[in-house]
4 protein chains.
Amino acid sequence: MNTSVFESYESEVRSYCRHFPTVFKKSVGSYFIDEEGTKYIDFFCGAGAVNYGHNNPEIKKKLIEYLENDGIIHALDMYTVPKREFIETFEEKVLKPKGLDYKIQFPGPTGTNANEAALKLARKVKGRRNVFALMGAFHGMTLGSLALTTDKASRRGAGVPLDNVTFIPAPYMFPELDTVAYMQRLLSDDHSGIEKPAALFIETIQAEGGIRVFDEEWLRRIRKFCDDNDILLVVDDVQVGCCRSGDFFSFERAGIKPDIVTMSKSIGGYGLPLAITLIKPELDIWKPGEHNGTFRGNQMAFVAAKAGLDYMLENKIENSVKAKSVIVKKFIEEEILPLDTRLEARGIGLIWGIDFEKFPVQGLADKVEAKCFERKMIIEGAGRKNSVVKLMPPLTISEEELLDGLKIIKESVKDILAQV
Amino acid sequence: MNTSVFESYESEVRSYCRHFPTVFKKSVGSYFIDEEGTKYIDFFCGAGAVNYGHNNPEIKKKLIEYLENDGIIHALDMYTVPKREFIETFEEKVLKPKGLDYKIQFPGPTGTNANEAALKLARKVKGRRNVFALMGAFHGMTLGSLALTTDKASRRGAGVPLDNVTFIPAPYMFPELDTVAYMQRLLSDDHSGIEKPAALFIETIQAEGGIRVFDEEWLRRIRKFCDDNDILLVVDDVQVGCCRSGDFFSFERAGIKPDIVTMSKSIGGYGLPLAITLIKPELDIWKPGEHNGTFRGNQMAFVAAKAGLDYMLENKIENSVKAKSVIVKKFIEEEILPLDTRLEARGIGLIWGIDFEKFPVQGLADKVEAKCFERKMIIEGAGRKNSVVKLMPPLTISEEELLDGLKIIKESVKDILAQV
Amino acid sequence: MNTSVFESYESEVRSYCRHFPTVFKKSVGSYFIDEEGTKYIDFFCGAGAVNYGHNNPEIKKKLIEYLENDGIIHALDMYTVPKREFIETFEEKVLKPKGLDYKIQFPGPTGTNANEAALKLARKVKGRRNVFALMGAFHGMTLGSLALTTDKASRRGAGVPLDNVTFIPAPYMFPELDTVAYMQRLLSDDHSGIEKPAALFIETIQAEGGIRVFDEEWLRRIRKFCDDNDILLVVDDVQVGCCRSGDFFSFERAGIKPDIVTMSKSIGGYGLPLAITLIKPELDIWKPGEHNGTFRGNQMAFVAAKAGLDYMLENKIENSVKAKSVIVKKFIEEEILPLDTRLEARGIGLIWGIDFEKFPVQGLADKVEAKCFERKMIIEGAGRKNSVVKLMPPLTISEEELLDGLKIIKESVKDILAQV
Amino acid sequence: MNTSVFESYESEVRSYCRHFPTVFKKSVGSYFIDEEGTKYIDFFCGAGAVNYGHNNPEIKKKLIEYLENDGIIHALDMYTVPKREFIETFEEKVLKPKGLDYKIQFPGPTGTNANEAALKLARKVKGRRNVFALMGAFHGMTLGSLALTTDKASRRGAGVPLDNVTFIPAPYMFPELDTVAYMQRLLSDDHSGIEKPAALFIETIQAEGGIRVFDEEWLRRIRKFCDDNDILLVVDDVQVGCCRSGDFFSFERAGIKPDIVTMSKSIGGYGLPLAITLIKPELDIWKPGEHNGTFRGNQMAFVAAKAGLDYMLENKIENSVKAKSVIVKKFIEEEILPLDTRLEARGIGLIWGIDFEKFPVQGLADKVEAKCFERKMIIEGAGRKNSVVKLMPPLTISEEELLDGLKIIKESVKDILAQV
């Protein structure tokens, strides 16, 4: 393993490589393979960026063909064939059958950029600068979306005040407090000190916040709250969209329609950079070029994205996620939670967390993840004080691989519990 | 031409497609090809993103091979073989021979992200929130870099105040004012009201500002100004780096070494999303993960980026740009400027502008660009009130193609002048 | 009544004069007298600025003497005899006997200025920009203290974002929520998004917020919360200090010692402009002149302030307020609340509120106040949607006058209830 | 001299007392008298707060009478007889004869409060948050006006970012730069990065900035600039109004009419706290109470202010200032400047500065002021690095006293020059 180049020349900001100290060369299906040929089962999935499996062969084929045919590669936001095909597929095969009607904006090809675009548009539409976001939220690292992101370490990096956002306690934080009534009071009380926001940003499942799944009734209540108060509801589906929760969009389970939806990560199909901001048609008051970027038109990503959607639909990934979710839930409940009464688990679809928060020592989740790596698994943490082991395998994982992975986690938890 | 899908479903924010109303399918060398087979010579070059030509065959080959071999595609910031190879090539073959010593940060794969990272780091290193930027600057569209961007239309989209930046008049704006002495006075005068900045951000050639080339002596003076005042000099080489100016880095001609350099666009080699922030080693005080993003590790871009650097070096692109620059300059001076005394031209390397600012009517440059499109050329504008026709062909353009393009511009200018 | 001069020449911003449309000429004891000789009993007391009665003869005498002897009038912050005498009296006779130890800052002579000074100092001491303030708070109208002030109408006037403050729900707003635990969670949770504040600002009795008296146990808990978390506790005693609550300082009843206390209004003794910021000695890290102002040294106010303190001590105003408080409480409970079950009352010392919030119609309190004015009483409203009639007579009011006033209120409430 | 009380109990923020270490007891005419009976001639004049002399007997008489007659003392913003008389006098005898038409707002009784009110109103009228202010400016110490104040030491005290202001170089800073053309370019250039301001704030003579007198032509040009660009011109006449410059308003010499004028200091007539914001009638869009404060109605100050205006008019103070100005100018030019070629002087009316900036050592002005104090004169510094000795005697000073004072300064300058 030769990592000296990285140590000498790559910035200290590098992070995941410190947890997975090997040099990767290939990836296939549910596996990474390093340059020495060792295979690692992937329960991290690029934080949700390769939901349809690594190097999905159906998508790969399309990409090679496209390259061979000298398909246009870089086109800013000009009209291209791959973009048209992606839009058509997305609108006709995904949105329409779900009864959803959105226009598509292509911001720069990152999740944070999709959120920056959503922020700008929401503020423009409503003419208000304030935005509500939830404690526990993660929405990105550029200065606009960073202001909506809650973890101290990320915020500290800003170097400037992060204003124009009001943080609302997440419902799980103060169970005694009705958070919707709380927000309503902030607006109705002429002495709250809080400005009416342009939008309420939420993740329906806070991934970085610790795999916190908001219940459907609460989601419906915030949809109504937004309607009642002329506030836009923005759902950030960057991490938990693309079938991660069992439905293509994470908000479908609640039967709500957000005003704006942001997506990235797996929307690119093959792990290629792409991001979209979905906008209710009546809100699309952008002026031409008012938000732009050089890589809005990442054509290979359009090709892969379309192929990814086709793959997802043909293979009924939504259903398959729901089926696998049962397996994960059962395994955790029957095999892992019994290991210690202080363990907690939460999840939906194929995103699950095992929480060590109740243990008196910190850092146990980190240790479990390191143990998993020793057992050739890529898995990461999340949540307050990083106390949650986050399970996020590719959605295409086979049941056998899934169980293999779960067993690795179980064994690693056992190892660490033995040390406590 | 079927663009109804875009009109129905793509957001109104789409922009360039309005100037080039056709659907592109392929791209090769210096040409776009639309779905009807029409070829367009490209004098826009993805705003500098495909300097080594569209679908450069040497790079294409590497990409196809990589895909076929199931090279790892998405890896966040884990160690990978392609990243190592890119870093090695960049450090050993590009930086070292130029006497430059930088660590490389991979922020999200867009120019604005590279600038957001530079901003955060500069503020962290110096513990100051203010930053100096030049009037006329463009540094990106996310909220941090947007605060450094000067054009009204972009800033208006922010929806929140854009603070923490002091704008310095560019030297060409007030020739009677010594801008370096001006900055020094802001700092030395205890009644200026201006806070000492963490950094001075500059483009050595303001592209969006209207192809404004800062002279070498001035660049050396601001390097000294920054040194004298403990301020970081950050050069944004997103648009004019990668040999656009004749040197790989646009600041080489002045013999200066910035503290931080940001690059994107053509660093991806093939038009694929990639961005880097180069940091003097002693400034690399990032904590792990303090700035992150899902697509920091766009492996195909690493493959193309390495191949792009190899191509650039083997084909001595720097020299070839300098040679072609002479052709452009001569053509403009001898064939275009004589058309009207009010025309002005500025440029360096293969970035040139023909400025219609002195004409009493606005919009002439836009009309010239539209005429060029009728003649099957892709070309865009820049500058104050968009008065500048911006010439930015691929650096690999042949002399014949270059002259073909220049002639199209000349004819289009003539057409428009005839209407004035 | 000649008010045309005001209507022609005074700005539309004038406010109280619209509720009390006559021209006042004299004031004595508990009464205003207009230029036609009509007497009005004062239950407003300059919003707490003339606690020791209008034109208190003992103070008046000192002022006339001082003027006649050519005492120094304006002295910026130079040393003067009256300032020395005020400081000595305040320290020796007020603070020491109460076991309090504060240094005195003289900011500009207004409450908002005292709060601006407290804000600056707290931020300087702790090196943090954020400040916690309570929903329902009023701390002033200049931009620093306005950011801590919660009512929409005042905030709207700012014309710029009011940042650097986190508003905490007041305990009465969400009885189910433990507000101290809430604040602790904001700090302990590494994903709350909330920055640790330099200080927590409170009024122990929110006057403008609707006469909301915080209970002693809660005050002790926030004192402990601040200690535990290295946060300064700042008590704004501008309106409810100077014996209004029964003790000289409103926080005495809880046995706590704030880190910083701000006072104005009645500290000037005779209604003359004065403000002080009291600072625990170890926090007095001001540099000379770091906060200043032309009228820091309003010598006539020092003379009156000293005389006011002497008067207050000699006449045992604290005890007398407690005695009168019983009268007010009894009258309200026995004579006013029985008029309608929807009426609520709250108060302490000689600050009481009768709240019409539970009535389905708005504006009833305003109408009661107008009725009172018809009956020759000056009284004002407060609270959410101005639903509270605020009773704030001079502390020197005789029992007979007090009962006269209470009867006027009762009759006016009856009149308005008859119209509902 | 007993100053131990101050040292023990007054905050370290105290400032002028450190330069004038004695305890003052009385003040009469042009003199302070300390408690040991020593007389000090006053060339500081409360930074412009006692222009009509200390304890002016005509005003004193009115105040004593008013107190004796139990005139109303504290009235918030209710209608009162003294306010009516002040307004009438000010409108009829001051504004009308000068062809000026303003409505009067009474903010809190300090200069900074008048500026906070002006800021709020300007932003409200124009619906813009940005404001232009000049480098070298001083507009106050509360957070709104502090953002317009330029000196580093004051700004550092804010503890939060001071935004929403663009600083314009003062004309004397870069003589080669046409500052009006500069501002016009900021607005006309669509790539300046500068937002159009609601207002331009100026002092026509920067006092704290170092006695910088803006020339009349420049003042007329900025009036036109504001008109041309729909920007309000706000003149802060807090320090240099009330005849200090020779005219009652400092802008009269240029024949311009600002949109808003702020005054404080000597407007109170006798050194009593008062401030006014003058507003062109068509701009008076305040809502009732939108800016308020407890001491808006400082009735004794109204009494003194009216008496002060009467005194000023009867004694033709404007003319007398112009006459005395000639004496000061002549003395400085003939007696002081010849002492050293590096000395500079600037001034108008009865505000003059002797500038030691050109000397290689700092701190000379401070030393001169200390020497003056030894010679029983109260005088202070101003300007960059405090290099300017500021001459600001009461406007009522006799010629003899004036010459006495000038001689003290001359002798003190000589003493210090002898040490250089």
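Bear in mind the structure is a predicted one, so any value in this text is a computation, not a measurement. The figures that follow rest on heavy atoms only: side chains count, while hydrogens, waters and symmetry mates do not. Order of the sequence lines sets the chain letters (A, B, ...), proteins ahead of strands, with each chain counted from 1.
In terms of heavy-atom proximity, D/Ser15 sits nearest to C/Gly289 at CB-N, 3.6 Å.
Heavy-atom distances place both the backbone and the side chain of D/Glu12 under 4.5 Å from chain C. If you measure heavy-atom distances from D/Glu68 to chain C, the contacts under 4.5 Å come from both the backbone and the side chain. If you measure heavy-atom distances from D/Ser8 to chain C, the contacts under 4.5 Å come from the backbone alone. Neither the backbone nor the side chain of D/Leu283 comes within contact range of chain C, judged by heavy atoms closer than 4.5 Å. Interface remark: D/Glu85 contributes no atoms to any contact with chain C (heavy atom separation under 4.5 Å). Heavy atoms of D/Phe138 lying under 4.5 Å from chain C belong exclusively to its side chain. Of the atoms belonging to C/Glu92, it is side-chain heavy atoms, and not backbone ones, that fall under 4.5 Å from chain D. For D/Thr142, the parts lying under 4.5 angstrom from a heavy atom of chain C are both the backbone and the side chain. Using a 4.5 Å cut-off between heavy atoms, D/Lys83 contacts chain C through both its backbone and its side chain. Proximity to chain C (any heavy atom under 4.5 Å) is shown, for D/Asn292, by both the backbone and the side chain. With a 4.5 Å cut-off on non-hydrogen atoms, D/Tyr66 touches chain C through its side chain but not through its backbone. Neither the backbone nor the side chain of C/Phe90 comes within contact range of chain D; no heavy atoms are under 4.5 Å apart. If you measure heavy-atom distances from D/Phe295 to chain C, the contacts under 4.5 Å come from the side chain alone.
Ranking C/Lys103, C/Lys287, C/His19, C/Arg123 against chain D, the residue ahead of the rest is C/Lys103, based on heavy-atom pairs under 4.5 Å. Per-residue heavy-atom pair counts under 4.5 Å with chain C were compared for D/Gly144, D/Gly127, D/Gly48, and the maximum is reached by D/Gly144. Taking C/Arg14, C/Arg129, C/His54 one by one and counting their heavy-atom pairs under 4.5 Å with chain D, the maximum is reached by C/Arg14. If you tally non-hydrogen atom pairs under 4.5 Å between each of C/Gly159, C/Gly271, C/Pro288 and chain D, the highest count goes to C/Pro288. Of the residues considered (C/Val81, C/Asp284, C/Val238), C/Asp284 shows the highest number of contacts with chain D, using heavy-atom pairs under 4.5 Å. The most heavy-atom pairs under 4.5 Å with chain C, out of D/Ala301, D/Gly46, D/Ala122, come from D/Gly46. Of the residues considered (D/Thr110, D/Leu143, D/Asp77), D/Asp77 shows the highest number of contacts with chain C, using heavy-atom pairs under 4.5 Å. The greatest number of non-hydrogen atom pairs below 4.5 Å with chain C, out of D/Ile64, D/Ile276, D/Asn113, is found for D/Ile64. The candidate from D/Val50, D/Ile378, D/Ile73 with the greatest count of non-hydrogen atom pairs under 4.5 Å with chain C is D/Ile73. Of the listed residues C/Lys61, C/Met300, C/Lys265, C/Arg156, the one with more heavy-atom pairs under 4.5 angstrom with chain D than any other is C/Lys265. Highest contact tally toward chain D, considering only C/Gln105, C/Arg18, C/Glu91, is held by C/Glu91 [criterion: heavy-atom pairs under 4.5 Å]. In terms of heavy-atom pairs under 4.5 angstrom with chain C, the leader among D/Gly293, D/Ala75, D/Pro109 is D/Pro109.
Remark: of the listed residues C/Leu67, C/Ile59, C/Asn55, C/Leu67 is the sole one forming a side-chain contact (heavy atoms from CB on, under 4.5 Å) with D/Leu67. Each of C/Leu278, C/Ile285, C/Leu121, C/Ile279 was evaluated against D/Ser11; a single residue qualifies, C/Ile279, per the side-chain contact (heavy atoms from CB on, under 4.5 Å) test.
For the atom pair C/Thr294 OG1 and D/Met141 CE, the distance stands at 11.0 Å (nearest 0.5 Å). We find the CZ-CE distance between D/Phe44 and C/Met78 to be 6.0 Å, quoted to the nearest 0.5 Å. Residue C/Phe6 holds its CZ atom at 5.0 Å from CD1 of D/Ile87, rounded to the nearest 0.5 Å. Between atom NZ of residue C/Lys120 and atom CG of residue D/Leu146 there is a gap of 5.0 Å, rounded to the nearest 0.5 Å. Distance check, rounded to the nearest 0.5 Å: CD of C/Glu88 to CG of D/Asn2 gives 7.0 Å.
Here the side chains of D/Leu95 and C/Tyr9 are not in contact, with every heavy-atom distance at 4.5 Å or above. A 4.5 Å side-chain heavy-atom check between C/Gln299 and D/Phe24 finds every atom pair outside the cut-off. C/Leu272 is listed as a side-chain neighbour of D/Asn298, based on a closest heavy-atom distance under 4.5 Å.
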Exercise. Please assess C/Asp70 against D/Lys60 for the test side-chain contact (heavy atoms from CB on, under 4.5 Å), listing each intermediate value before the final yes or no.
Key: CA-CA 9 Å; C/Asp70 272 333; D/Lys60 178 168 73 173; 2.9 Å; yes

Exercise. Apply side-chain contact (heavy atoms from CB on, under 4.5 Å) to D/Glu35 and C/Tyr79, showing your working.
Key: CA-CA 10 Å; D/Glu35 62 181 337; C/Tyr79 295 145; over 6 Å; no

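Taking 4.0 Å as the cut-off between side-chain N and carboxylate O, D/Glu10 and C/Arg296 do not count as a salt-bridged pair.
Within 6.0 Å of NZ in D/Lys124 there are more than 12 heavy atoms belonging to other residues, nucleotides or ligands. D/Lys62 NZ: 12 or fewer foreign heavy atoms inside a 6.0 Å radius.
A donor-acceptor contact shorter than 3.5 Å is absent between the side chain of C/Arg84 and the backbone of D/Val23. Checked by atom type and distance alone, the side chain of D/Glu290 never pairs as donor or acceptor with a backbone atom of C/Val13 at under 3.5 Å.
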